[in-house]
Q: 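The structure's right below; bear with me while I get my questions together.
Computed from heavy atoms alone, side chains included, the values below leave out hydrogens, waters and symmetry copies. Indexing begins at 1, ligand by ligand and atom by atom, following the structure's order. What you see is a predicted model; the values in this text were computed from it and never measured.
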Amino acid sequence: MINIKERIYETLEIKGGCNLRGTIEVSGAKNSALPNMAAVLLTDDTVELRNVPYLLDVNTMINLLQYIGLDVYEVGSGVFRFKLKKLNSLEAPYELVSKMRASILVLGPLLARFGYAQVALPGGCSIGTRPVDLHLEAFRKMGADIKVEHGYIIGKVNGRLKGSIIEFPRKTVTGTENVLMASVLADGVTVIKNAALEPEVVDLANMLKKMGAIIEGEGTDTIKVTGVESLKGVVHEIIPDRIEAGTFAVLSALFEGNIVVKNYPFEYLTYVHKVFEKIGFNIVKIGKDQVVVVKSDKLNPVDIETREYPYFPTDLQAQIMTLLTVIRGNSSITENIFENRFMHVPELQRLGAEIKIKGKTAYIKGVERLTGAEVKATDLRASAAMLIAGLIAEGNTVIHDIYHLDRGYENIDSKLKLLGAEISRA
Ligand code: UD1
């Protein structure tokens with residue numbers, strides 16, 4: 001059984017300036033594994049998921065599924081089988097939801113399959129308020145009675161959910177996934193308008209289609225789902241993690257082409273590559289699924305805005321900021337998705353970065369080099385930014401609250417040590 005220890009108070013010590021070299025491999029996508037695991041609730045049959053990353057968030061989702069009543073077996077490396085044993089509970093308790101907001105993803109499948117769900121309200125989180133009102137509105141429109149009481153979302157459906165037209169007023173990734181999972185078992189046709197285009201939404205749709213769902217238009221902003229009575233089991237392989245891949249691309253750029261990134265989902269990062277090219281880096285493909293990032297010319301500052309897929313992802317904002325802190329000139333990053341996602345800025349400043357925040361834009365003036373210091377990992381992607389910063393800084397860096405990193409980066413210490421990094425946990 002997967003057993004990743006939650007080491008809340010751990011710190012990571014990094015010796016800066018080591019010469020990293022070698023090949024680093026991208027794991028399965030966290031943001032694909034989580035919805036695809038929630039989707040196993042939609043069938044009585046066995047579902048086998050492959051290329052599942054060993055992450056704290058995956059652990060939390062397994063615990064949640066077991067709590068509901070599923071048997072979960074690890075049958076190989078990154079290969080898990082799920083099967084409903086005996087329905088135990090239709091609740092996602094606060095204890096699990098508070099560890100991971102993506103627990104909200106069980107709401108749609110539970111409502112569609114069992115007509116009832118009680119999910120703790122995710123509440124605020126470190127990168128902003130992140131409400132789930134759009135999920136709830138959509139389920140109401142599909143005929144569910146949704147109440148929020150005592151910190152819980154309580155949903156009830158009389159019979160089956162009804163196919164409806166769901167038009168999201170803004171794009172939401174897990175909102176689209178939740179409605180997609182609910183609508184595959186609904187009565188009639190559901191049309192999701194202004195749907196999220198993310199590759200993880202497409203991966204979920206592909207898995208659901210193999211289970212017998214009727215879905216058209218995934219990967220565009222209009223998804224049409226024709227509800228069916230039941231779904232069957234499936235064997236499905238999770239796509240590679242484009243955010244982990246992008247994080248490693250930043251490392252490859254900083255270590256002057258000495259780092260090859262393997263299992264790299266090139267097609268999911270087209271826009272990110274344009275940004276790298278503007279800075280003066282080329283993404284060079286080696287064979288089918290490997291890349292190396294090399295300097296093409298003089299390096300230039302850039303202005304970046306985060307936006308929904310296919311544009312620059314908010315989940316790579318902190319990592320690219322670390323890169324920009326050492327590119328000569330004035331760059332800027334505007335964060336359009338989350339209102340409070342610059343918490344890594346004061347930490348980067350501790351390492352000597354020159355950054356000023358005005359509203360939702362961070363202005364970065366490139367410095368010659370960063371210098372090691374004690375910093376805090378404030379959220380998942382911010383911790384990756386700290387890690388990169390520590391690796392290029394002069395001297396030692398200590399990162400506190402490193403458990404955020406284990407939520408989303410599989411075996412990151414070992415992967416980096418293989419490249420020659422000197423890092424240790426305490
Ligand atoms: C997903 C990703 C996360 C990524 C984010 C944006 C997963 C498990 N997580 O999160 O890594 O950073 O997409 O790419 O896939 N919003 C509302 N009401 C809602 C839902 C969302 O106002 O009901 C707002 C959010 O506060 C945010 C924006 O919409 O400002 C987009 O959020 P959303 O796409 O829903 O993010 P998540 O699906 O939670």
Q: Flag Asp133 as yes when one of its N or O atoms lies below 3.5 Å from any N or O atom of ligand 1, and as no otherwise.
A: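 Yes, since at least one N or O of Asp133 sits under 3.5 Å from an N or O of ligand 1.
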Q: Does ligand 1 have any atom that is closer than 4.0 Å to a heavy atom of Glu308?
A: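 Per 4.0 Å heavy-atom rule, Glu308 does not contact ligand 1.
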Q: Going through the distances and angles, do Asp133 and Arg140 end up as a salt bridge (charged side-chain N to carboxylate O under 4.0 Å, His left out)?
A: CA-CA 10 Å; Asp133 55 317; Arg140 284 192 183 110; over 6 Å; no
Q: Looking only at distances, please establish whether an N/O atom of ligand 1 is found under 3.5 Å from an N/O atom of Leu34.
A: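 Among all N and O atoms of Leu34, none is under 3.5 Å from an N or O of ligand 1.
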Q: Which of the numbered atoms in ligand 1 are below 4.0 angstrom from a heavy atom of Thr314?
A: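 Close to Thr314: 6 (C), 12 (O), 14 (O).
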Q: Would you check the N or O atoms of Asn31, main chain and side chain alike, for any that come under 3.5 Å of an N or O of ligand 1?
A: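 Right, the criterion is met.
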Q: Which of the atoms in ligand 1, numbered in the order shown and given with their element, are less than 4.0 Å from a heavy-atom of Ile337?
A: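 Answer for ligand 1: 27 (C), 30 (O), 31 (C).
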Q: Going by heavy atoms, is Glu335 under 4.0 Å from ligand 1?
A: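 Judged by the 4.0 Å heavy-atom criterion, Glu335 does not count as contacting ligand 1.
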Q: What do the steps show when you test Asp57 against Arg101 for salt bridge (charged side-chain N to carboxylate O under 4.0 Å, His left out), and what is the final call?
A: CA-CA 9 Å; Asp57 277 6; Arg101 282 182 47 84; over 6 Å; no
Q: Side chain to side chain donor-acceptor pair (under 3.5 Å) with His344: which of Gln317, Lys376, Gln349?
A: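 Output: one option passes, namely Gln317.
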Q: Does the side chain of Val250 come within less than 4.5 Å of Thr247's, by heavy atoms?
A: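 With C-beta onward as the side chain, the pair stays apart.
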Q: Just jot down the ligand 1 atoms closer than 4.0 angstrom to any heavy atom of Val132, in number order.
A: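 Counting from 1, the qualifying ligand atoms are 19 (C), 23 (O).
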Q: Counting only nitrogen or oxygen atoms and a 3.5 angstrom limit, does Phe338 reach ligand 1?
A: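 It does not: no N or O of Phe338 is found under 3.5 Å from an N or O of ligand 1.
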Q: Would you check whether Val173 has a nitrogen or oxygen atom less than 3.5 angstrom from a nitrogen or oxygen atom of ligand 1?
A: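 Among all N and O atoms of Val173, at least one is under 3.5 Å from an N or O of ligand 1.
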Q: Test salt bridge (charged side-chain N to carboxylate O under 4.0 Å, His left out) on Glu335 and Lys360 and set out the steps.
A: CA-CA 6 Å; Glu335 172 56 57; Lys360 55 181 193 167; over 6 Å; no
Q: Hey, which atoms in ligand 1 end up nearer than 4.0 Å to a heavy atom of His135?
A: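 Contacts of ligand 1 toward His135, numbered from 1: 23 (O).
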Q: Suppose the criterion is salt bridge (charged side-chain N to carboxylate O under 4.0 Å, His left out): which pairs have a residue in residues 231-250, not counting sequence neighbours?
A: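 Salt bridge (charged side-chain N to carboxylate O under 4.0 Å, His left out) check on residues 231-250 returns Glu200-Arg242, Glu244-Lys415.
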Q: Side chains of Glu218 and Asn206: closer than 4.5 Å at any heavy-atom pair?
A: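 Side chain of Glu218 against side chain of Asn206, heavy atoms only: contact under 4.5 Å found.
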Q: May I have the list of side-chain donor-acceptor pairs in residues 141-154 shorter than 3.5 Å, sequence neighbours left out?
A:
{"unit_1": "Lys141", "atom_1": "NZ", "unit_2": "Ile165", "atom_2": "O", "d": "2.7"}
{"unit_1": "Tyr152", "atom_1": "OH", "unit_2": "Glu91", "atom_2": "OE2", "d": "3.0"}
{"unit_1": "Tyr152", "atom_1": "OH", "unit_2": "Tyr94", "atom_2": "N", "d": "3.1"}

Q: Among Thr334, Thr361, Asn336, which residue meets the side chain to side chain donor-acceptor pair (under 3.5 Å) test with Glu305?
A: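 Testing Glu305 for a side chain to side chain donor-acceptor pair (under 3.5 Å) against Thr334, Thr361, Asn336 leaves exactly one candidate, Asn336.
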Q: When only distance counts, is Thr172 in polar contact with ligand 1, meaning an N/O pair under 3.5 Å?
A: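 Thr172 vs ligand 1: N/O contact under 3.5 Å present.
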Q: What's the separation between atom CD1 in Ile333 and atom CD1 in Ile364, rounded to the nearest 0.5 Å?
A: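 So the gap between those two atoms works out to 4.0 Å.
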Q: What atoms in ligand 1 come closer than 4.0 Å to a heavy atom of Arg341?
A: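 What qualifies from ligand 1 is 12 (O).
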Q: Tell me which one of Glu198, Glu339, Arg170 gets a heavy atom nearest to atom 28 (C) of ligand 1.
A: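 Minimum heavy-atom distance to atom 28 (C) of ligand 1 goes to Arg170.
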Q: Numbering the atoms of ligand 1 from 1, which are under 4.0 Å from a heavy atom of Thr174?
A: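 In order of numbering, the contacting atoms are 7 (C), 8 (C), 15 (O), 37 (P), 38 (O), 39 (O).
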Q: Within the structure, does Pro131 bring an N/O atom to less than 3.5 angstrom of an N/O atom in ligand 1?
A: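 Yes; at least one N/O pair falls below 3.5 Å.
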Q: Could you state the interatomic distance from CG (Leu348) to CD1 (Ile355), rounded to the nearest 0.5 Å?
A: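 Reported value, rounded in 0.5 Å steps: 4.5 Å.
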Q: Quick one: look at Asp315 and ligand 1, take heavy-atom pairs under 4.0 Å, and tell me if it's side chain, backbone, both or neither.
A: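 Side chain only.
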Q: Would you kindly specify which portion of Glu137 sits under 4.0 Å from ligand 1, judged on non-hydrogen atoms: side chain, backbone, both or neither?
A: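 The answer is neither; Glu137 stays 4.0 Å or more away.
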